[in-house]
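These notes are about the structure you will find just below.
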Amino acid sequence: MKTRIVAPSMLSADFGNLERDTKMIDRSAAEWVHIDVMDGVFVPNISFGFPVLKAITSATNKFMDVHLMIVEPEKYVERFADAGADLVTFHIEATECVDRCIELLRAKGVKVGVSVKPKTPLSVLEPILDKIDLVLIMSVEPGFGGQSFIEGSTEKVMALRKMIEDRGLDVLIEIDGGVSRHNAHELYEAGCNALVAGSAVFCAPDPEAEIVAILNA
Ligand code: DX5
Ligand code: ZN
């Protein structure tokens, strides 16, 4: 069986109880913590930046999965690595310096992810697929938690899995947006390695049990 990872998105955490919610993830079966950074330009919403990432990092030993929804990520990727990211994912639509972003992150020794929005075709990944560790498929328009999963995203994952296997590469697939215990099984089967879940985890009556339910879907 392929790697199965759940990455709870802190965007849906209670920011007034950030340490409590981070410790909950730390105790849980989730291997990764997903951190959504939004600049109000690439997406129509603003979330948080370095101090919050540092606060979360100091409250857990889990793998820090940082998802940048910011323009010109080349200006900031190194600072996210310094703030505790283990993986930094940037959007291919947000930069004209994709190779530069990859080089800067490699030099920092962190894993490199590239994300595509729902309407961005997988063909844009062809020149860089052998240079990165992960592709993050957006299954909602980036910007907000709690949206519905866009139909067709599962097929996009299957096509990407085929691209990766045809090239004999070892690239992880993560999916983000509208993921819950109800679609987790089909997403793992389609070839996803990591599922991001925000509202499904944090709005559940028992978030730790919900993480297990997604993992074992
Ligand atoms: C949206 C973010 C997501 C968000 C997912 O732009 O990238 O990570 O937190 O939230 P849910 O799981 O509620 O769709
Ligand atoms: Zn995200």
Side-chain angles (χ1 to χ4, degrees), residues 5-28 30-95 101 104-105 108-118 134 136-147 174-180 194-204 207-208 210-211 214:
I5 294 163
V6 177
S9 167
M10 296 306 289
L11 192 63
S12 293
D14 175 355
F15 291 161
N17 289 287
L18 198 52
E19 186 177 18
R20 181 200 69 193
D21 282 5
T22 307
K23 297 271 183 219
M24 181 278 291
I25 302 296
D26 195 60
R27 281 193 307 271
S28 80
E31 279 183 51
W32 291 6
V33 183
H34 187 81
I35 307 287
D36 290 297
V37 178
M38 305 178 183
D39 67 354
V41 180
F42 183 69
V43 289
N45 196 12
I46 298 175
S47 57
F48 51 75
F50 306 112
V52 173
L53 172 59
K54 282 187 189 149
I56 295 169
T57 306
S58 68
T60 177
N61 291 316
K62 301 260 165 156
F63 183 93
M64 286 294 133
D65 165 26
V66 174
H67 176 195
L68 300 182
M69 286 161 273
I70 64 173
V71 294
E72 300 182 349
E74 59 277 9
K75 290 186 179 167
Y76 298 101
V77 284
E78 290 173 297
R79 288 181 65 191
F80 281 102
D82 291 339
D86 294 297
L87 161 73
V88 175
T89 297
F90 61 91
H91 271 266
I92 197 158
E93 306 90 350
T95 178
C101 288
L104 289 168
L105 289 167
K108 283 286 177 188
V110 299
K111 303 257 185 232
V112 181
V114 169
S115 186
V116 286
K117 296 204 281 185
L134 174 144
L136 174 59
I137 300 269
M138 288 308 300
S139 42
V140 298
E141 288 298 335
F144 301 91
Q147 304 181 75
E174 183 174 31
I175 192 156
D176 186 2
V179 174
S180 70
L195 307 189
V196 177
S199 49
V201 167
F202 285 99
C203 300
E208 280 185 69
E210 202 59 30
I211 290 167
I214 294 169

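- Here Asp82 pairs with Lys108 in a salt bridge; the nearest charged N to carboxylate O distance falls below 4.0 Å.
- Atom NE2 of His34 is separated from atom CD1 of Ile5 by 13.0 Å, given to the nearest 0.5 angstrom.
- Taking CD1 of Ile25 as the start and CZ of Arg27 as the end, the distance is 9.0 Å to the nearest 0.5 Å.
- The two residues Met38 and Asn45 come nearest to each other via the heavy atoms CB-O, 3.3 Å.
- By the 4.5 Å heavy-atom criterion applied to side chains, Leu68 and Val66 are counted as neighbours.
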Evaluation steps, side chain to side chain contact (heavy atoms under 4.5 Å, CB included), between Glu210 and Phe202: CA-CA 9 Å; Glu210 202 59 30; Phe202 285 99; over 6 Å; no
Donor-acceptor list for residues 86-93 side chains, cut-off 3.5 Å, not counting sequence neighbours:
residue, atom, partner, partner atom, Å
Asp86, OD2, Met64, N, 2.7
His91, ND1, Glu93, OE1, 2.9
His91, NE2, His67, NE2, 3.0
His91, NE2, Ser115, OG, 3.4
Glu93, OE2, Lys117, N, 2.6
Glu93, OE2, Thr120, OG1, 2.6

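- The 12-atom threshold is exceeded at CD of Glu141, counting heavy atoms of other residues, nucleotides or ligands nearer than 6.0 Å.
- A distance-only check finds no donor-acceptor pair linking the side chain of Asn17 to the backbone of Arg20 [under 3.5 Å].
- With rounding to the nearest 0.5 Å, the separation of CG in Asp176 from CG in Leu11 is 9.5 Å.
- Nearest heavy-atom pair across Val110 and Ala81 is CG1-CB, 3.9 Å.
- Heavy atoms only, all atoms of each residue included: Pro207 and Ala204 are closest at CD-O, 3.6 Å.
- Between the CZ atom in Phe144 and the OG atom in Ser12 there is a gap of 12.5 Å [rounded to 0.5 Å].
- Between the CG atom in Leu18 and the CD1 atom in Ile56 there is a gap of 4.5 Å [rounded to 0.5 Å].
- Note that CG of Asp65 and CD1 of Ile35 are 8.0 Å apart. Values are rounded to the nearest 0.5 Å.
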Yes or no on side-chain hydrogen bond (donor to acceptor under 3.5 Å, both in side chains) for Ser47 and Asp36, after CA distance, side-chain angles and deciding distance? CA-CA 7 Å; Ser47 57; Asp36 290 297; over 6 Å; no
With side chain to side chain contact (heavy atoms under 4.5 Å, CB included) as the test, would you mind laying out the steps for Val37 and Leu53 before giving the verdict? CA-CA 9 Å; Val37 178; Leu53 172 59; over 6 Å; no
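- Gly198 and Ser9 make their closest contact through CA-CB, 3.8 Å (heavy atoms, listed as atom of the first residue, atom of the second, distance).
- A donor atom on one side chain and an acceptor atom on the other are found under 3.5 Å apart for Thr95 and Glu74.
- Salt bridge Glu31/Lys62: absent, no basic N to carboxylate O contact under 4.0 Å.
- Closest non-hydrogen pair, Thr57 versus Ala83, comes out as OG1-O, 3.6 Å.
- Taking every heavy atom of both residues into account, Val140 and Pro118 meet most closely at O-CG, 3.3 Å.
- Applying the side chain to side chain contact (heavy atoms under 4.5 Å, CB included) test to Tyr76 and every residue at least two apart in sequence or in another chain returns Phe50, Ile70, Arg79, Phe80.
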Val196/Val179 under side chain to side chain contact (heavy atoms under 4.5 Å, CB included): CA gap, chis, key distance, verdict: CA-CA 7 Å; Val196 177; Val179 174; 5.9 Å; no
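- Counting only heavy atoms from C-beta outward, the side chains of Thr60 and Lys23 never approach each other to under 4.5 Å.
- With hydrogens and angles ignored, the 3.5 Å screen pairs no side-chain donor or acceptor of Gln147 with any backbone N or O of Gly178.
- Side-chain atoms of Ser139 come within 3.5 Å of backbone N or O of Gly177 as a donor-acceptor pair.
- With contacts defined as side-chain heavy-atom distances shorter than 4.5 Å, the pair Asp39/Met69 does not qualify.
- Annotation: side chain of Ser199 is not in contact with side chain of Ser180 (no heavy-atom distance under 4.5 Å).
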